[in-house]
Student: 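Take a look at the following structure, please.
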Amino acid sequence: MNKLKIAIQKSGRLSEKSLELLRECGINFPDFKSKLKNSATNFPLEILFLRDDDIPKYVEQNIVDIGIIGENEVLEQDKNINVIKKLGFAKCRLSLAVTNDSSCEDLSYFKGKKIATSYPNILAKFFEKEGFVPEITEISGSVEIAPSIGLADAIADLVSSGGTLLHNGLKEVFEVLKSEAVMVSNPNLKPEVLEILEKLLFRIQAVLNSRENKYILLNAPTKSLPDIIKALPGIKSPTVLPLADPEWSSIHSVVRESDFWEVIDELKKYGAEGILVIPIEKMVL
Ligand code: PRT
Ligand code: ZN
């Protein structure tokens, strides 16, 4: 039987969230902790656990068909693989940072400077567009200590909360790129494997939709219905149900997580009461 082979980071920032996504897609697999390879019990999927840096190569060589990895790694390695889906977790940015006492106003500050990073290719391309490339020294970890030990004048590193920079007396001055976990695929998958991939992507999309949206229920004065319906940017027109008291109606709709608080403010303005917000488990559009 044909199987789709996926590579997932063995341990690190992407591991748990990647496995959680598969589980939310209804895919079961036995306890994997001691293994490097595992098979799902209810879906034609084989899972390989690898270091994230190795995943692009494995996908390019079709040792695995697809993988989950940070976009930053895809761009740095520039292998012949396709990004087929953004997954919305492990969001971060690659940023240039300098010591707190540096007066860095614009990118020309970096002319003739030495920058430590684990992302030399991305950084060189970024500066080529500016018309110059500073000296770039590649280090594989603990980049943030480079300025304090005299290894470099500045760094380019991944930032999420900003805490690491703060603790090391550094300040973020320019963003080089934004990144998040993505699914990558070999560009030449066999039709039988592609068919399984389509099924997986359909499930992933349903999970991602549900994460981005909330189900909302509320009571509204019947006379305010037109305003309230306008304030609800749902997927379709909301469901409106009459209540025992004809002056009131019940409304059900779906609201994007990102619009959520603004929508609630609008609804309250038009007299909505008893607003219930419920997480959605799956959402097939
Ligand atoms: O062992 P393996 O090679 O598999 O793992 P790894 O150590 O290379 O990678 P890992 O697990 O650290 O990161 C995997 C991926 O997570 C990265 O390629 C990014 O796509 C993504 N990601 C998201 C991050 C961060 N956020 C992040 N904050 N990767 C690293 N960091 C580091 C950063 O380098 C810095 O040291 O966290 C520190 C900064 O965090 P804040 O919160 O203090 O700003
Ligand atoms: Zn790595």
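Every number for a ligand or one of its atoms is a count from 1 in the order of the listing.
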Student: Could you check whether Glu144 and Thr164, counting side-chain N and O atoms only, form a donor-acceptor pair closer than 3.5 Å?
Tutor: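 No, Glu144 and Thr164 have no side-chain donor paired with an acceptor closer than 3.5 Å.
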Student: Within 45° of the axis and under 6.0 Å from the centre of the six-membered ring of Tyr109, does NZ or CZ of Lys113 qualify?
Tutor: yes
Student: Identify the protein heavy atom lying closest to atom 14 (C) of ligand 1, giving its residue, its atom name and the separation to 0.1 Å.
Tutor: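 In this structure, atom 14 (C) of ligand 1 has Asp52 OD2, 3.5 Å as its nearest protein heavy atom.
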Student: Do the rings of Tyr215 and His252 sit parallel, tilted or perpendicular, given the 30° and 60° boundaries?
Tutor: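 Taking His252 first and then Tyr215, their aromatic rings stand perpendicular (interplane angle over 60°).
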Student: Below 4.0 angstrom from a heavy atom of Gly163, which ligand 1 atoms are there? Numbered from 1 as shown, please.
Tutor: 43 (O), 44 (O)
Student: Applying the salt bridge (charged side-chain N to carboxylate O under 4.0 Å, His left out) test to Glu71, which of Lys86, Lys178, Arg93, Lys85 qualifies?
Tutor: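 Only one option passes, and that is Lys86.
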Student: For atom 12 (O) of ligand 1, find the nearest protein heavy atom and state the residue, atom name and distance (0.1 Å precision).
Tutor: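 Its nearest protein heavy-atom neighbour is Arg13 NE, 3.3 Å.
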Student: So does Phe202 have more than 12 non-hydrogen atoms from other groups sitting under 6.0 Å from CZ?
Tutor: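 Counting other residues, nucleotides and ligands, CZ of Phe202 stays at 12 neighbours or fewer.
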Student: From atom 22 (N) of ligand 1, work out which of Ser118, Cys92, Ser179 has a heavy atom at the shortest distance.
Tutor: Cys92
Student: Please check if any side-chain donor atom of Asn72 sits under 3.5 Å from a side-chain acceptor atom of Glu76, or the reverse.
Tutor: no
Student: Under 4.5 Å between any side-chain heavy atoms of Phe29 and Ser39, yes or no?
Tutor: no
Student: Any sub-3.5 Å donor-acceptor pair from Asn80's side-chain atoms to Glu60's backbone N or O?
Tutor: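 Side chain of Asn80 to backbone of Glu60: no pair is present.
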Student: Is any N or O atom of Glu73, backbone or side chain, closer than 3.5 Å to an N or O atom of ligand 1?
Tutor: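 Such a contact does not occur with ligand 1.
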Student: Run the numbers for me: atoms of ligand 1, each under 4.0 Å from some heavy atom of Ser161, listed by number.
Tutor: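 Taking each heavy atom of Ser161 in turn, ligand 1 has 41 (P), 42 (O), 43 (O), 44 (O) under 4.0 Å.
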Student: Only N/O/S atoms count here: what is the atom of Asp53 closest to the Zn ion (ligand 2) called?
Tutor: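 This residue's closest N, O or S atom turns out to be OD1.
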Student: Show me which atoms of ligand 1 lie under 4.0 Å from any heavy atom of Val159.
Tutor: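 Those of ligand 1 that fall under 4.0 Å from Val159 are 44 (O).
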Student: Please tell me if the side chains of Asp65 and Leu197 come closer than 4.5 Å, counting only heavy atoms from C-beta onward.
Tutor: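 No, side chains not in contact.
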Student: Gly162 to ligand 1: N or O pair under 3.5 Å?
Tutor: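 So ligand 1 has an N or O lying under 3.5 Å from an N or O of Gly162.
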Student: Say whether Ser160 and Lys91, considering side chains only, have a donor N or O and an acceptor N or O under 3.5 Å apart.
Tutor: no
Student: What distance do Ser210 atom OG and Glu24 atom CD have between them, rounded to the nearest 0.5 Å?
Tutor: 6.5 Å
Student: Between Ser249 and Thr222, do the side chains contain a donor N or O and an acceptor N or O under 3.5 Å apart?
Tutor: yes
Student: With the Zn ion (ligand 2) as the point of reference, which N/O/S atom of Asp52 is the closest?
Tutor: OD1
Student: Answer yes or no: does an N/O atom from Glu71 fall short of 3.5 Å to an N/O atom of ligand 1?
Tutor: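 No, since none of the N or O atoms of Glu71 sits under 3.5 Å from an N or O of ligand 1.
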Student: Would you say Lys91 has any N or O atom under 3.5 Å from an N or O of ligand 1, going by distance alone?
Tutor: no
Student: Suppose I only count heavy atoms of Asp53 and a 4.0 Å limit; which atoms of ligand 1 are within that range?
Tutor: 3 (O), 8 (O)
Student: Looking at Thr164, which atoms of ligand 1 are within less than 4.0 Å of one of its heavy atoms?
Tutor: 38 (C), 39 (C), 40 (O), 41 (P), 43 (O)
Student: Looking at atom 7 (O) of ligand 1, would you say a protein heavy atom lies below 4.0 Å from it?
Tutor: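 No, there is no protein heavy atom closer to it than 4.0 Å.
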Student: Which residue owns the protein heavy atom closest to atom 1 (O) of ligand 1, what's the atom, and how far is it?
Tutor: Arg51 NE, 3.6 Å
Student: Give the atoms of ligand 1, by number and element, whose distance to some non-hydrogen atom of Gly70 is under 4.0 Å.
Tutor: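 Matching atoms, with element in brackets: 20 (O).
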Student: Looking only at protein heavy atoms, which one is nearest to atom 18 (O) of ligand 1, and what is the separation?
Tutor: Asn72 ND2, 2.9 Å
Student: For atom 28 (N) of ligand 1, find the nearest protein heavy atom and state the residue, atom name and distance (0.1 Å precision).
Tutor: Ser160 OG, 2.9 Å
Student: Would you mind running through ligand 1 and noting each atom that sits below 4.0 Å from a heavy atom of Gly12?
Tutor: 11 (O)
Student: Looking only at atom types and distance, does a side-chain atom of Gln77 sit under 3.5 Å from a main-chain N or O of Asp53, one as donor and one as acceptor?
Tutor: yes
Student: Can you tell me the protein heavy atom closest to atom 33 (C) of ligand 1 and the distance?
Tutor: Leu158 O, 3.2 Å
Student: With a heavy-atom distance limit of 4.0 Å, tell me whether Gln9 approaches ligand 1 through its side chain, its backbone, both, or neither.
Tutor: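 Just the side chain.
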